[in-house]
Amino acid sequence: MRRSDENAEAIAYVAPLIGCDSISFYLLLGPSCAQPRPPLFRPAARSTRFAIPANGLRASGRRGYASEAGSEKSGSSFGLWALGLGALGAAGGAYLYLNGDSSPKGPFVPTKADYQKVYDAVARRLADETDYDDGSYGPVLVRLAWHASGTYDKETGTGGSNGATMRFAPESDHGANAGLKTARDFLEPIKAQFPWITYSDLWTLGGACAIQELGGPSIPWRPGREDRDVAACTPDGRLPDAAKDQRHIRDIFSRMGFDDREMVALIGAHALGRCHTDRSGFDGPWNFSPTVFTNEFFRLLAEEKWVQKKWNGPTQFTDKTTGTLMMLPTDMALVKDKGFKKHVERYAKDSDAFFKEFSDVFVKLLELGVPFKTDDRIVFKTSDSE
């Protein structure tokens, strides 16, 4: 095979790889390719998406291989392959430059707009996936964020949302975390779509998103959590036991640094979701709208007549009016204890007060023990905002 034929064959292979025809590739190589042009010169129309300055590419190609121009292999197929690869690199660099993504700028640093995209992706998935419980995965996302954060111990500085250690056994197998694999799996496609976000940030962002998308208050959120390995798993027993009384509530929540008012507000998360016999052993929703964030949990707790349910399961209570709702022993403790009851009654009468104080304490819960590098929080736009 003649050298010119070898060159033509190499050009025919390389040219399509950079989005041009053989003629344009001849022009790209310039003087370094002493090859006769085909007799009919018809410049191919360029795609606007990949339109790049020919002069810039030619200069780049020559600059990269100037020292080889007079070498023995300059006219060989090997030389053309090398030039082709150089052209590919130049084309890629030019494409990135023209699309606003030029030379590397170091590690990716997400902006507020990037986190809003994560929020939007979670919100879309919540809207699209309605085959869970009462039609929404939102309540279980709130529970995931709550339980991932509620392991914090202020005395030792361990636990909390910084770490996402529920990814590992034994923490994932703790009784209080039964069923939360559903929430973790729900967020996996979001993690795959935005691999730069930590699980710690994703789980808490998902909880904030769920509250807002289900009609609750705004949850100002900030990033900065780092994932940890299995060695950081917390011991069992740090989360509330629904079968206990008010002393247990104070023991658990005081360990995190909350006062009575904050404890009651946080338990107000029972506005969402329901219990399952195959997880906690308890069964039923707390109110008639378990996928809408309201103060109905407190109103029903304060105003409804509650009686112990007659069944083979653990002690729980049901409303005397319909017999379809549920309260846990820890819920009933809120109206038995004078320090707690005054806040229950206040929230039952004033939805705005509950929303405001729940937002404040939920933000505090999500941030326990996190060494943030910024004080700036993000207030996400909901899916129904303009």
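Note that the numbering runs from 1 along the sequence shown for the chain. As the structure is a prediction and not an experimental result, all values here were calculated from the model.
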*Give, for atom CD of Q308 and atom OG1 of T315, the distance between the pair rounded to the nearest 0.5 Å.*
4.5 Å

_Please enumerate all residues that pass ring pair (Phe, Tyr, Trp, His ring centres under 6.0 Å) together with F317, with sequence neighbours excluded._
none

*Quick one: pull up OG in S289 and CD in E296 and give me the separation to the nearest 0.5 Å.*
6.0 Å

*Centroid-to-centroid, Y152 to F258, below 6.0 Å?*
no

_NZ-CH2 distance between K320 and W306, expressed to the nearest 0.5 angstrom_ = 13.5 Å

*Compare every heavy atom of S359 with every heavy atom of P220, then report the nearest pair and how far apart it is.*
CD-OG, 3.8 Å

*Separation between CG of L301 and CE of M327, rounded to the nearest 0.5 Å*: 4.5 Å

*asked:* To check you understand the geometry: which heavy-atom pair defines the closest contact between C209 and L126, and what is its length?
replied: SG-CD1, 4.3 Å

*Would you indicate whether the side-chain heavy atoms of H276 and D133 approach each other to under 4.5 Å?*
yes

*Sequence neighbours excluded - ring pair (Phe, Tyr, Trp, His ring centres under 6.0 Å) pairs with any residue from residues 157-178*: none

*Counterpart residues, side chain to side chain donor-acceptor pair (under 3.5 Å), relative to T322 (two or more places apart)*: D319, T324

*Answer whether the closest heavy-atom distance between the side chains of Q212 and S383 falls below 4.5 Å.*
no

*Measure the spacing between CD1 of I211 and CD1 of I219 and express it to the nearest 0.5 Å.*
4.5 Å

*Under the salt bridge (Lys or Arg N to Asp or Glu O under 4.0 Å) rule, what pairs show up with a residue in residues 212-231, not counting sequence neighbours?*
D201-R225, R222-E367, R222-D375

*Got a salt bridge between E188 and K191, using NZ or NE/NH1/NH2 to carboxylate O under 4.0 Å?*
no

*Enter the distance from N162:CG to T198:OG1 here, rounded to the nearest 0.5 Å.*
8.0 Å

*Got a sec, which pairs hit ring pair (Phe, Tyr, Trp, His ring centres under 6.0 Å) with one end in residues 225-246, sequence neighbours left out?*
none

_Show the nearest heavy-atom pair for residues D241 and H248, with the distance to one decimal._
N-NE2, 2.8 Å

Side-chain atoms of residues 178-186: list all donor-acceptor pairs with protein atoms under 3.5 Å, sequence neighbours left out, distances to 0.1 Å.
from	atom 1	to	atom 2	distance (Å)
K181	NZ	D185	OD2	2.6
T182	OG1	G179	O	3.4

*Could you check if a side-chain atom of L328 sits within less than 4.5 angstrom of a side-chain atom of C275, using non-hydrogen atoms only?*
yes

*asked:* Closer than 3.5 angstrom, by distance alone: can the side chain of Q316 be matched with the main-chain N or O of D283 as a donor-acceptor pair?
replied: yes

*Salt-bridge test for D337 and R250: reply yes if a basic N is under 4.0 Å from a carboxylate O, no otherwise.*
yes

*Say whether, by atom type as modelled, one donor and one acceptor occur between the side chain of T318 and the main chain of L325 under 3.5 angstrom.*
yes

_Check: W203/S161 side-chain N/O donor and acceptor closer than 3.5 Å_ = no

_Could you work out, with salt bridge (charged side-chain N to carboxylate O under 4.0 Å, His left out) as the rule, every residue matching K356, not counting sequence neighbours?_
D360

*What is the minimum heavy-atom distance between S136 and L214, and which atoms define it?*
OG-CD2, 3.8 Å

*For S351, side chain to side chain donor-acceptor pair (under 3.5 Å) partners two or more places apart*: none

*Mind checking whether L266 and M332 sit in one hydrophobic cluster, side chains of I, L, V, M, F, W, Y counted as touching below 4.5 Å?*
yes

*Does one hydrophobic cluster hold both W221 and V109, with members joined at side-chain heavy-atom distances below 4.5 Å?*
no

*Can you name the closest pair of heavy atoms from M166 and S172 and give their distance?*
O-CB, 3.1 Å

*Start with the C-alpha distance between T234 and D153, add both sets of side-chain angles, then the distance that settles side-chain contact (heavy atoms from CB on, under 4.5 Å), and finish with yes or no.*
CA-CA 10 Å; T234 57; D153 183 342; over 6 Å; no

*asked:* For the residue pair H270 / D331, report whether a side-chain donor-acceptor contact shorter than 3.5 Å exists.
replied: yes

*Would you confirm whether T151, through its side chain, and H147, through its main-chain N or O, come within 3.5 Å as a donor-acceptor pair?*
no

*Under a 4.5 Å cut-off applied to non-hydrogen side-chain atoms, are D236 and P170 in contact?*
no

*Backbone of R125 reached by a side-chain donor or acceptor of D128 within 3.5 Å*: no

_By side chain to side chain donor-acceptor pair (under 3.5 Å) - contacts of R279 (at least two apart)_ = Y132

*Given R299 and N287, is the side-chain contact (heavy atoms from CB on, under 4.5 Å) satisfied, shown in steps?*
CA-CA 10 Å; R299 190 189 68 78; N287 61 68; over 6 Å; no

*Does atom NZ of K341 have more than 12 heavy-atom neighbours, drawn from other residues, nucleotides or ligands, at distances under 6.0 Å?*
no

_Using the rule given for side-chain contact (heavy atoms from CB on, under 4.5 Å), can you reason through W311 versus T277, listing the C-alpha separation, both sets of side-chain angles and the distance that settles it, and then say yes or no?_
CA-CA 12 Å; W311 72 320; T277 55; 4.0 Å; yes

*asked:* Parallel, tilted or perpendicular, judged at 30° and 60°: which one describes the rings of Y115 and W196?
replied: perpendicular

*asked:* Could you work out, with ring pair (Phe, Tyr, Trp, His ring centres under 6.0 Å) as the rule, every residue matching F340, not counting sequence neighbours?
replied: none

*Minimum heavy-atom separation for F358 to P217, with atom names?*
CD2-CG, 4.2 Å

*asked:* Membership question, hydrophobic clusters at under 4.5 Å side-chain separation (ILVMFWY): are L272 and F288 in the same one?
replied: yes

*Going through the checks in order, is the side-chain contact (heavy atoms from CB on, under 4.5 Å) test met by R346 and E357?*
CA-CA 11 Å; R346 186 165 58 87; E357 293 177 28; 2.7 Å; yes

*Out of curiosity, does V361 fall in the hydrophobic cluster containing F298 (side-chain heavy atoms, cut-off under 4.5 Å, transitive links)?*
yes

_Would you say L334 ends up clustered with L239 if hydrophobic residues are merged whenever their side chains have heavy atoms under 4.5 Å apart, either directly or through other cluster members?_
yes

_Any donor-acceptor pair under 3.5 Å from Q116 side chain to K381 backbone_ = yes

_Residues that F282 engages under ring pair (Phe, Tyr, Trp, His ring centres under 6.0 Å), provided they are two or more places apart_ = none

*ring pair (Phe, Tyr, Trp, His ring centres under 6.0 Å) partners for W146, two or more places apart*: F253

*Taking the side chain from T130 and the backbone from G135, do they hold a donor-acceptor pair closer than 3.5 Å?*
no

*Would a line drawn from the ring center of F297 to the ring center of Y347 be shorter than 6.0 Å?*
no

